[in-house]
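As a basis for the values below, the full set of heavy atoms in this structure was taken, side chains included, without hydrogen atoms, waters or symmetry mates. Predicted, not measured: the structure shown is a model, and the values here were computed from it. Indexing begins at 1, ligand by ligand and atom by atom, following the structure's order.
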Amino acid sequence: MCGIVGAVAQRDVAEILVEGLRRLEYRGYDSAGVAVVDGESNLTRVRRLGKVQELADAVNSQDVLGGTGIAHTRWATHGEPSEANAHPHMSGDIAVVHNGIIENHEELRATLQARGYVFTSQTDTEVIAHLVEWELRTSESLVEALQKTAKQLEGAYGTVAVDRKDPSRIVVARSGSPIVIGFGVGENFLASDQLALLSVTRRFMYLEEGDVAEITRRDVTVFDATGERIEREIVESNAEHDAGDKGKYRHFMQKEIFEQPTALINTMEGRISETAVITNAIGVKAEEILRKVEHVQIIACGTSYNSGMAARYWFESLAGVSCDVEIASEFRYRDFVVRPNSLLVTLSQSGETADTLAALRLAKEKGYMSAMTICNVAGSSLVRESDFAFMTRAGTEIGVASTKAFTTQLAAMLMMVTSIGRLQGRINDEKEAEIVKALHELPAHIEQALTLDKEIEALAPDFADKHHTLFLGRGEFYPIAMEASLKLKEISYIHAEAYAAGELKHGPLALIDADMPVVVVAPSNDLLEKLKSNVEEVRARGGLLYVFADQDAGFEADEGMKIITMPHISEITAPIYYTVPMQLLSYHVALIKGTDVDQPRNLAKAVTVE
Ligand code: GLU
């Protein structure tokens, strides 16, 4: 979940390491630490509870000298966030950082204690440090000790070790958590995400599952899971350098909300002509597979799950292909039936979501026709392990609460649905042209929706002092309500729930009173009249209504009902469009509540643990 950075250089690396951590802080952020070794084998370890800035201040206030180092920002899984539990962990001369979970840590701890090792933290990670120290006693090299250690570890990890006595190298193992190696000139680096290293290099090598590598200033040596030496490809990255900059915005989340028109343009670029979706642009194998797919199984977590739920309506209504959507952590632990010609689609912003990745690996054994991922991070595990990947091009998303990744996923799925429908004869040229036109118009409409910012800001005080909120929608707008409620929960800490509006009378109506704002997503479509009846049900019970309504929907504001008028747009892309004012609403409520918008409590960005 957390961030790892490592370096072997001639110059002092503390600053590079801390800067790398800063860029990864959005992933996990309860404590941070660094260990640096100089040429004389002096090791300095600094750890701090709290944000990377605390660590940066501590590092600046003392001499942390040396060209070899490892650093970590932690999202605690075992043991509370504290300085003692912060990484790097040490055993004798060995310092270790670790991303992920060691599932058999209790067993290993008992064995190591029997050997006389004394534990100073409650983390699962500390067993790695002691194991490496133990194995090194009978190994020829640090990398061999790490290989032996890796064989004993169960769970998911990316882990890096350094030996104070030999500052010329760092070693790293990857199993379930991503590690990328960055190549410099006469210096080399590693990190859990290339973002951390963009200020020092553009040349990267991604480790594969089971790889163990040794990094010195001049060389990188990789061994695969069987211990064989192996060459991995080095790729040049063109990721944005300044993605870590908020620019004129107060928060990354705000910046990312406002970036959505551009993110959508990028996601659609080269993939739609004036009137058609270019199927080949979805993936090399896409046409052959989309032509014969009879069922789509979407697997995702969190916001990505909500986008899958919304797209399900399109798969069935536009492409005529049955579609199920399931939460990855549920899917991976149940016996499921694979239908004939079934396509597995995983959705994830980071491409490292542990449950989704596990579900993909499991599903590959179970005979799906093909496994596709819709993902925002090139080179991520999901991308590498799927048969083909359709990349959203949202750009780096840093705010923990996902925004542009959601809307670009929806745009990607709408393109995919259109291709399937056409290839299978359920969407004719005219319909395809209508969908593609709606996609072309969408960025400008979203630009327009963003101008509602001030109006929405004015509503926020009504929510900020409430404890609960209800979001209602029907059809494909029900998942949009789900996503809206998730955003509000994540960043304002207000309990929010989404209901399919028709379900109100089956229970939630009992909750309605003047302390429960009810937000309604009300585009003008076939379900409008039904939705209006549901709104009346709330009104009749004294509920406070906030209706985001199409200009032609015919709602009238009065006491207890505020209307936010949305310019009319195509019904097809309206779910993407209605997402935007909901994001703005959560953002403004969170601002009033004074929460940490970009790094809400208890959450992490790329959920690389189960
Ligand atoms: N499981 C380790 C811990 O609790 C690492 C967590 C992380 O990935 O940050 O310290």
Side-chain angles (χ1 to χ4, degrees), residues 1-6 17-18 20-35 45-52 54-55 70-91 94-109 112 119-132 146 149-150 152-161 172-180 190-193 195-196 207 301 350-355 357-358 380-381 400 599-610:
M1 302 282 282
C2 64
I4 285 178
V5 191
L17 296 176
V18 172
L21 290 186
R22 237 192 261 283
R23 287 168 169 262
L24 297 182
E25 192 176 19
Y26 68 98
R27 298 172 65 113
Y29 32 73
D30 51 51
S31 51
V34 49
R45 174 171 67 156
V46 186
R47 298 182 294 170
R48 285 294 179 272
L49 180 63
K51 301 215 161 192
V52 172
E54 307 283 333
L55 179 72
I70 57 178
H72 184 263
T73 146
R74 177 169 185 243
W75 189 83
T77 65
H78 293 62
E80 58 175 12
S82 67
E83 199 169 305
N85 285 335
H87 304 206
H89 289 287
M90 296 210 56
S91 178
I94 304 299
V96 159
V97 293
H98 159 229
N99 179 2
I101 289 177
I102 305 303
E103 280 170 355
N104 58 339
H105 73 103
E106 280 176 353
E107 225 176 288
L108 292 169
R109 183 180 268 251
L112 288 159
F119 282 74
T120 57
S121 80
Q122 298 142 354
T123 62
D124 50 342
T125 303
E126 197 178 344
V127 298
I128 308 177
H130 297 311
L131 277 176
V132 173
L146 185 62
T149 299
Q152 300 166 60
L153 302 176
E154 285 165 23
Y157 55 85
T159 187
V160 189
V172 57
R174 174 204 159 128
S175 181
S177 298
I179 294 286
V180 59
L190 65 79
S192 51
D193 184 327
L195 186 63
L207 293 190
C301 306
S350 67
E352 302 294 349
T353 316
D355 283 316
L357 192 55
S380 62
S381 301
V400 165
Q599 298 175 352
R601 67 184 183 201
N602 307 340
L603 301 180
K605 181 67 182 165
V607 188
T608 54
V609 294
E610 203 183 323

> For ligand 1, which atoms have a heavy atom of His72 less than 4.0 angstrom away?
Replying inline: 9 (O)
>> Regarding ligand 1, does Thr123 bring an N or O atom to under 3.5 Å of one of the ligand's N or O atoms?
In response: no
>> side-chain contact (heavy atoms from CB on, under 4.5 Å), that's the test. Do Leu108 and Leu153 meet it? Break it down for me.
In response: CA-CA 9 Å; Leu108 292 169; Leu153 302 176; 3.9 Å; yes
>> Does any N or O of ligand 1 fall below 3.5 Å from an N or O anywhere on Asn99, backbone included?
In response: yes
> In terms of heavy-atom contacts, does CD of Glu83 have more than 12 from other residues, nucleotides or ligands at under 6.0 Å?
Replying inline: yes
> Any N or O of Asp124 that comes nearer than 3.5 Å to an N or O of ligand 1?
Replying inline: yes
> Looking only at heavy atoms, what is the nearest atom pair of Ser381 and Glu352, with distance?
Replying inline: OG-OE1, 2.6 Å
> Which heavy atom in Pro600 sits nearest to a heavy atom in Val400, and how many Å separate them?
Replying inline: CD-CB, 3.7 Å
>> Regarding ligand 1, does Gly100 bring an N or O atom to under 3.5 Å of one of the ligand's N or O atoms?
In response: yes
> Is Thr125 touching ligand 1 with its side chain, its backbone, both, or neither, if touching means heavy atoms under 4.0 Å apart?
Replying inline: side chain
> Is the closest side-chain donor-acceptor distance between His130 and Ser91 under 3.5 Å?
Replying inline: yes
> Got a sec: does the CD of Gln122 have more than 12 other heavy atoms crowding it under 6.0 Å?
Replying inline: yes
>> As an exercise, identify every atom of ligand 1 less than 4.0 angstrom from a heavy atom of Arg74.
In response: 3 (C), 4 (O), 9 (O), 10 (O)
